[in-house]
Asker: 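Before we start, here is the structure in question, set down as structure tokens.
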Amino acid sequence: MTSVTKKLSKSSALNRMTRGDKVFEVINCIFLALIACIILYPLIYVISASFSDAMSVTSGKMWLWPVDLTLENYEQVFKNDNIMRGYRNSLIIMLSGTALNLVMTILAAFPMSRRDLWGRDVMMKLMTFCMFFSGGLIPTYLLVGKTLKLMNNWLALILPGSISVYNMIIMRTYFSTSIPYELHEAAEIDGCSPVGTLMRIVLPLSGPIIAVIGLYYAVGHWNSYFSALLYINQENIQPLQLYLRKVLTANNAQALMEMGADEAARAAMRAETIKYSVIVVSSIPMLLIYPFVQKFFVKGVMIGSVKG
């Protein structure tokens with residue numbers, strides 16, 4: 001009975017649409033399909049090129065689906081000890097950095113969401129000011145590298161960005177709008193401390209926002225290379241993104257100059273397809289994480305947009 005009712009309501013809604021509404025619907029669907037093709041084509045091309053023969057890719061024979069299917073590109077990637085070491089380093093940095101980011105963000109957002117916090121508006125203005133203005137690159141480098149002596153240390157990639165004011169504001173808004181303040185008052189009446197309120201009431205109800213903010217932090221750590229470029233000189237602790245940058249720019253050019261013409265041409269073609277394979281391999285962690293947080297993503301990013 002319910003399915004019949006839904007079909008009848010859908011057909012009645014279609015009958016109420018004017019000719020202009022139907023034209024707009026068709027144009028909108030065509031436009032969205034074009035946007036989807038524009039977004040999906042580079043992704044499909046990269047994946048197909050990573051499984052294709054180097055000659056087919058560089059000659060333009062491969063333009064959408066894999067041609068001369070091969071796993072040789074991935075074999076070269078997984079045989080490279082530096083890439084695997086960088087992969088491990090990036091995973092450690094991402095996991096530890098994201099954990100620290102979430103702890104710091106929660107500890108800042110929870111007090112800022114409390115109505116009874118004295119000086120909350122002043123502290124919020126100071127944090128917002130720091131979000132737009134910073135000391136600059138050179139003072140930051142002197143602080144991290146010289147004063148704190150964190151050169152060639154993973155902490156140099158984690159501690160300076162341990163909290164994002166923007167993400168803290170999003171989480172504070174969630175705590176303020178999605179969790180009734182009456183729950184805080186009821187917990188206080190029952191003798192619960194602020195820390196107990198955070199651990200027993202607020203956090204269990206904040207799964208969506210924690211998942212979304214955690215995803216933001218994880219993607220930021222995984223894609224970051226500039227901080228490692230400044231503070232990490234030892235190859236054995238360099239993250240994956242920094243090593244990929246070195247391999248795909250300076251090192252390839254120098255290696256090609258030392259080869260003969262035919263050998264250099266083959267190496268250039270091989271490097272091009274290996275590049276696509278490395279892109280796919282480096283994207284795997286984010287592709288694995290996203291399905292688990294996707295159900296929270298829409299709810300989390302819409303925090304504070306609609307009330308009532």
Asker: Within the distance-only criterion (no hydrogens, no angle test), does the side chain of Ser206 pair as donor or acceptor with the backbone N or O of Ile209 below 3.5 angstrom?
Answerer: no
Asker: With a 4.5 Å cut-off on side-chain heavy-atom distances among I, L, V, M, F, W and Y, is there a chain of contacts connecting Phe24 to Ile35?
Answerer: no
Asker: Any side-chain heavy-atom pair from Ile158 and Ser96 closer than 4.5 angstrom?
Answerer: yes
Asker: Are the aromatic ring centres of Phe51 and Tyr74 under 6.0 angstrom apart?
Answerer: yes
Asker: On a heavy-atom basis, which atom in Ile106 and which in Leu198 lie closest, and how many Å separate them?
Answerer: CG2-CD1, 3.9 Å
Asker: Flag yes if more than 12 heavy atoms outside Arg200 fall under 6.0 Å of its CZ atom; otherwise flag no.
Answerer: no
Asker: Which heavy-atom pair separates Ser52 from Pro66 by the least distance, and what is that distance?
Answerer: OG-CA, 3.2 Å
Asker: Can you confirm whether Tyr276 sits close enough to Ile47 that some side-chain heavy atom of one is under 4.5 Å from a side-chain heavy atom of the other?
Answerer: no
Asker: Taking it one step at a time, do His184 and Ile179 satisfy side-chain contact (heavy atoms from CB on, under 4.5 Å)?
Answerer: CA-CA 9 Å; His184 298 255; Ile179 301 177; 4.1 Å; yes
Asker: Are Thr105 and Tyr217 linked by a side-chain donor-acceptor pair shorter than 3.5 Å?
Answerer: yes
Asker: Please check this pair: side chain of Ser90 against backbone of Leu240, looking for a donor-acceptor N/O pair closer than 3.5 Å.
Answerer: yes
Asker: Would a single hydrophobic cluster contain both Ile189 and Val202, if residues Ile, Leu, Val, Met, Phe, Trp and Tyr are joined by side-chain heavy-atom contacts under 4.5 Å?
Answerer: no
Asker: Answer yes or no: is there an ion pair linking Glu188 with Arg114, defined by an N-O contact shorter than 4.0 Å?
Answerer: yes
Asker: With rounding to the nearest 0.5 angstrom, report the CG to OG distance, Asn223 to Ser282.
Answerer: 8.0 Å
Asker: Work out which heavy atom in Val165 is nearest to a heavy atom in Met127; give both atom names and the distance.
Answerer: CG1-O, 3.6 Å
Asker: Using the six-membered ring wherever Trp is involved, compare the ring planes of Tyr141 and Tyr231 and label them parallel, tilted or perpendicular (cut-offs 30° and 60°).
Answerer: parallel
Asker: After noting the C-alpha distance and the side-chain angles of Ile284 and Tyr87, does the key distance pass the side-chain contact (heavy atoms from CB on, under 4.5 Å) rule?
Answerer: CA-CA 11 Å; Ile284 289 176; Tyr87 209 95; 3.8 Å; yes
Asker: Between the side chain of Trp222 and the main-chain N/O of Ile93, is any donor-acceptor distance below 3.5 Å?
Answerer: no
Asker: Would you find a donor on one side and an acceptor on the other, under 3.5 Å apart, between the side chain of Asn89 and the backbone of Arg85?
Answerer: yes
Asker: Does Ile232 reach the side chain of Ile237, with side-chain heavy atoms less than 4.5 Å apart?
Answerer: yes
Asker: Any link between Leu143 and Leu137 through a network of hydrophobic side chains (Ile, Leu, Val, Met, Phe, Trp, Tyr) touching at under 4.5 Å?
Answerer: yes
Asker: Count the heavy atoms belonging to other residues, nucleotides or ligands that lie under 6.0 Å from CE of Met199, then report whether that count exceeds 12.
Answerer: no
Asker: To the nearest 0.5 Å, what is the distance between OG1 (Thr128) and CE (Met124)?
Answerer: 4.0 Å
Asker: Between CD of Gln238 and CG of Leu229, what distance do you get to the nearest 0.5 Å?
Answerer: 9.0 Å
Asker: If you round to the nearest 0.5 Å, how far is CG of Leu155 from CG of Leu150?
Answerer: 6.0 Å
Asker: Any side-chain heavy atom of Met112 within less than 4.5 Å of one from Leu117?
Answerer: yes
Asker: Decide if atom CG of Leu40 counts as having more than 12 heavy atoms of other residues, nucleotides or ligands within a radius under 6.0 Å.
Answerer: yes
Asker: Between Tyr181 and Arg115, is there a cation-pi geometry (under 6.0 Å to ring centre, at most 45° from the normal)?
Answerer: yes
Asker: Applying a strict under-4.5 Å side-chain criterion to I, L, V, M, F, W and Y, I'd like to know whether Phe110 and Val195 cluster together.
Answerer: yes
Asker: Do Leu205 and Leu183 touch side chain to side chain, with heavy atoms closer than 4.5 Å?
Answerer: yes
Asker: Following the transitive rule for hydrophobic clusters with a side-chain heavy-atom cut-off under 4.5 Å over Ile, Leu, Val, Met, Phe, Trp and Tyr, establish whether Leu34 and Ile27 coincide in one cluster.
Answerer: no
Asker: Which value, rounded to the nearest 0.5 Å, describes the distance between Leu43 atom CG and Ser283 atom OG?
Answerer: 9.0 Å
Asker: Would you say Tyr216 and Ile213 make side-chain contact, with heavy atoms under 4.5 Å?
Answerer: yes
Asker: Determine the minimum heavy-atom distance between Gln241 and Tyr225, stating which atoms define it.
Answerer: CB-CB, 3.9 Å
Asker: At their closest point, which heavy atom of Ser162 faces which heavy atom of Met104, and how far apart are they?
Answerer: O-CB, 3.6 Å
Asker: Does Phe226 CZ have over 12 foreign heavy atoms under 6.0 Å away?
Answerer: no
Asker: State yes or no: are the ring centers of Tyr45 and Trp65 separated by less than 6.0 Å?
Answerer: no
Asker: What closest approach, in Å, do Cys192 and Thr197 show between heavy atoms, and which atom pair accounts for it?
Answerer: SG-N, 3.3 Å
Asker: I need the Asn167 CG to Asn101 CG distance, nearest 0.5 Å.
Answerer: 8.5 Å
